[in-house]
Amino acid sequence: MHEELLAAMRASIVDGDQDAAAETARQAVAEGMDPLVAIDDGYVSGLSHVGACFSAGDMFLPDMMLAARAMKAAMAVLEPELAARSAQRRVRGRVVIGTVKGDIHEIGKNLVGMMLSASGFEVHDLGVDVPVDRFIEAAREHRADIVGVSALLTTTMTGQRAVVEGLAAAGLRPGVKVIVGGAPVTRAWAAEIGADGYSEDAMGAVALATRLMDGADAPASVG
Amino acid sequence: MAIPIDPITSPKLGFEVLTPDEVRRIHEATLEVVETVGVRFPSERALDVWAAHGATVDRATQVVKAPRGLVIEALAHAPASYVLGARDPSQDLPLDGQHVYAGTDGCGIEIIDIETGELRRSRLQDVADIARIADAMDEVGFIWTPLSAQDMPPESRSLHELRVQWANTTKHIQTETVVTIPEALAAVEMATIVAGSEEVRRARPPLSIMQCTTSPLGHDGGSLDASMIAAEAGIPTGFMTMSSCAFSGPATVAGTLVVGNAEVITGLALMELVAPGAPVFYAAAQTAMDLRSGAYTGGGPEDFLFGAATNALADFYRVPLSMGSFATGAKLPDWQAGVENSLSTFMASIVTSDMLLGMGLLNGSRIWSYAQLMFDAEIYSIVRKTLKGIDVSDEALAMDAIREVGPNGDFLALKHTRTHMRRLWQSRYMDRRMYGIWETAPDRAPDWALARAREILKTHEPDPLDPGVAAALEAVVARVERAAAAAAASDGRS
């Protein structure tokens with residue numbers, strides 16, 4: 001009986017329509033629909049469709065961003081309802097992200113945060129010009145699985161190494177994975193500083209984070 | 001001995017990418033953005049300057065909304081033409097609207113090693129080697145700091161880069177890596193040492209400094225502070241927008257021109273408010289983002305249009321332009337690099353952009369390739385020749401030669417042919433060999449290009465820097481390093 005509403009939810013994500021996403025979410029609450037059903041069968045289903053179209057080359061990054069924003073609008077309505085029912089959305093992983101100290105570039109970092117969040121990760125964005133201590137503190141506070149560190153400049157990317165080392169010194173490694181990104185970041189750099197991975201774009205970052213979480217589920221290897 | 005620079009000069013060909021009315025529409029839209037939306041200036045000093053001149057300054061957001069009159073009046077102080085000085089005065093570059101000078105590209109982070117072909121992180125020696133090779137190339141008008149010297153400390157890296165470039169070329173240096181107050185003060189001091197006096201530094205500045213804006217509609221704080229110091233010292237100062245369609249600019253070319261224009265002209269206006277009459281330049285390397293990855297593409301029809309349109313804007317404001325061309329996203333010196341760099345360079349050159357950036361980098365200005373440097377120089381030489389157009393003088397119409405040969409003969413053994421044939425363009429890196437030779441030959445154009453780069457590196461001796469000057473430059477850098485170390489130590493204690 002909710003089929004029509006679920007279809008409208010999917011459409012709101014595919015169209016990237018924030019207003020429609022929020023409106024259908026409010027309708028779901030009013031009709032007493034299980035918010036987890038709304039999320040999984042409505043919005044996430046729409047998001048999967050967008051992802052498939054993206055992979056097929058029929059949709060582009062702005063489509064993904066609009067879909068992610070619509071998703072966020074729907075979640076803002078549904079989260080209080082989830083809390084009221086003591087239900088929890090399955091979180092794929094908890095991620096702390098930020099741009100390193102001395103660097104104020106944030107578009108790339110924001111993009112990654114948005115895509116991770118839309119893909120079911122719990123994202124804590126620390127903003128720009130973030131000192132190492134703040135990354136460590138936030139990783140502890142949010143029990144992060146992954147810390148994402150962004151840098152755009154060759155002069156600031158050394159800060160990524162400082163975060164890896166800082167987390168290790170705080171005893172959080174290798175439990176907390178570190179992923180790095182930004183224009184000057186290469187595979188070789190990520191390997192050199194002991195990061196667990198890097199990506200050159202936002203979709204790659206989601207794939208990387210998913211891979212790391214899958215790895216984390218596997219039994220830890222000995223030695 | 002200095003190798004004479006052979007720049008594109010007074011192109012005979014030309015075209016209009018935007019009508020005067022269209023330029024005015026972009027200008028008016030820009031002023032409206034500056035007045036009503038504003039531009040972010042995250043520098044206390046910059047905000048103070050704007051406030052003192054009557055702009056609306058929001059200290060919390062650091063956004064400046066400047067009345068159109070203020071911006072236009074400030075820009076009116078900018079000189080329309082000036083000289084970029086070189087260590088060797090014969091290599092000075094007059095920015096007079098009649099020349100298109102090409103520079104090396106910057107600022108990359110990796111290099112395809114000239115000997116091993118291995119891709120590795122860039123270091124100071126690479127910066128020196130590239131300057132030395134570019135010093136020997138007549139297509140290169142100036143050297144833009146091509147790679148980041150990542151084996152040097154961050155706080156003095158840009159200064160080491162300057163030092164080794166001056167040691168390896170007599171040409172003008174332009175850099176984008178001076179982005180803090182201590183670096184800017186030191187760079188000015190180094191420019192004075194190279195020039196020999198403050199007077200010469202102002203008349204023929206051997207250094208120009210470009211700063212990147214933070215699109216959309218923002219500037220970087222360190223860059224602003226550094227640029228104000230440079231402008232006060234008469235070091236030509238530019239602001240480069242890299243606004244990218246659908247990413248850091250609107251999805252339309254015109255909209256992205258407006259956003260970038262707002263960033264650049266407010267940056268230049270600030271320089272003129274701080275130091276009226278300071279030599280400034282417009283700089284740009286807009287692109288359209290890759291719709292799938294969001295990445296900077298650095299090649300495509302939009303880029304080519306930006307290349308021509310930006311010069312129309314710079315001309316409108318009567319300031320020189322440093323335009324990003326040769327900005328290929330290709331990963332190797334290949335088909336893609338050839339198409340992208342040829343068309344971008346042609347479009348930026350046919351409108352007489354004053355400076356082109358730059359030769360040698362691949363992968364959206366990240367990876368240095370010596371082969372690409374040589375190919376880009378060849379592209380420049382093709383464009384240089386094309387833009388000369390067609391001479392239809394009596395001598396060029398060649399009536400005597402035509403009469404002499406008549407029907408069915410050939411023009412091979414004619415004096416007229418011998419006189420004129422060397423003006424025909426000659427290729428270094430196009431494979432014009434016969435098929436049968438090509439088929440059996442193991443070598444290809446990248447091999448020839450690399451061989452030439454290696455040969456220059458081995459044999460070319462740029463006019464050396466006076467040992468006293470070299471020592472004085474090193475002393476400046478050492479002092480900056482000591483100050484940074486002392487500051488770090490006191491940070492550690494506190």
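Predicted model, so just to flag it, every value in this text is computed and none were measured. Residue numbers start from 1 in every chain, and the chains themselves are labelled A, B, ... in the order their sequence lines are given, proteins ahead of strands.
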- Note on the structure: Here the gap from B:T214 atom OG1 to A:E106 atom CD, rounded to the nearest 0.5 Å, amounts to 10.0 Å

- For B:R121, is it the side chain, the backbone, both, or neither that has a heavy atom closer than 4.5 Å to a heavy atom of chain A? side chain

- Message: Which atoms of A:M64 are under 4.5 Å from chain B, going by heavy atoms: the side chain, the backbone, both sets, or neither?
- Response: neither

- Message: Working to the nearest 0.5 angstrom, can you tell me the gap between A:L153 CG and B:D220 CG?
- Response: 7.5 Å

- Message: A quick test of your reading: do over 12 heavy atoms of other residues, nucleotides or ligands sit less than 6.0 Å from CD of A:Q88?
- Response: no

- Message: Which heavy atom of A:F60 sits nearest to which heavy atom of B:R292, and what is that distance?
- Response: CD2-CG, 3.9 Å

- Query: About how many Å separate CD1 of A:I107 and CE of B:M289, when rounded to the nearest 0.5 Å?
  - Reply: 10.5 Å

- Task: Anything in residues 188-209 of chain A with a heavy-atom distance to chain B below 4.5 Å? Please list those residues in order.
- Result: A:W189, A:E192, A:D201

- chain B heavy atoms under 4.5 Å from A:T156: which part of the residue, side chain, backbone, both or neither? neither

- Message: Which residues pass the ring-ring contact (aromatic ring centres under 6.0 Å, His included) test with A:H142, not counting sequence neighbours?
- Response: A:H124

- Query: Which residues, numbered in order, of residues 244-255 of chain B come under 4.5 angstrom of chain A by heavy-atom distance?
  - Reply: B:F247, B:S248

- Close contacts, residues 147-156 of chain B versus chain A, judged by heavy atoms under 4.5 Å: B:S148, B:Q150, B:P154

- Checking heavy atoms, do the side chain of B:R157, its backbone, both or neither come under 4.5 Å from chain A? side chain

- Heavy-atom distances under 4.5 Å only: say whether B:S158 touches chain A with side chain, backbone, both or neither. neither

- Item | Heavy-atom neighbours of B:R120 CZ exceed 12 at 6.0 Å | yes

- Using a cut-off of 6.0 Å, state whether more than 12 heavy atoms not belonging to B:R45 lie near its atom CZ. yes

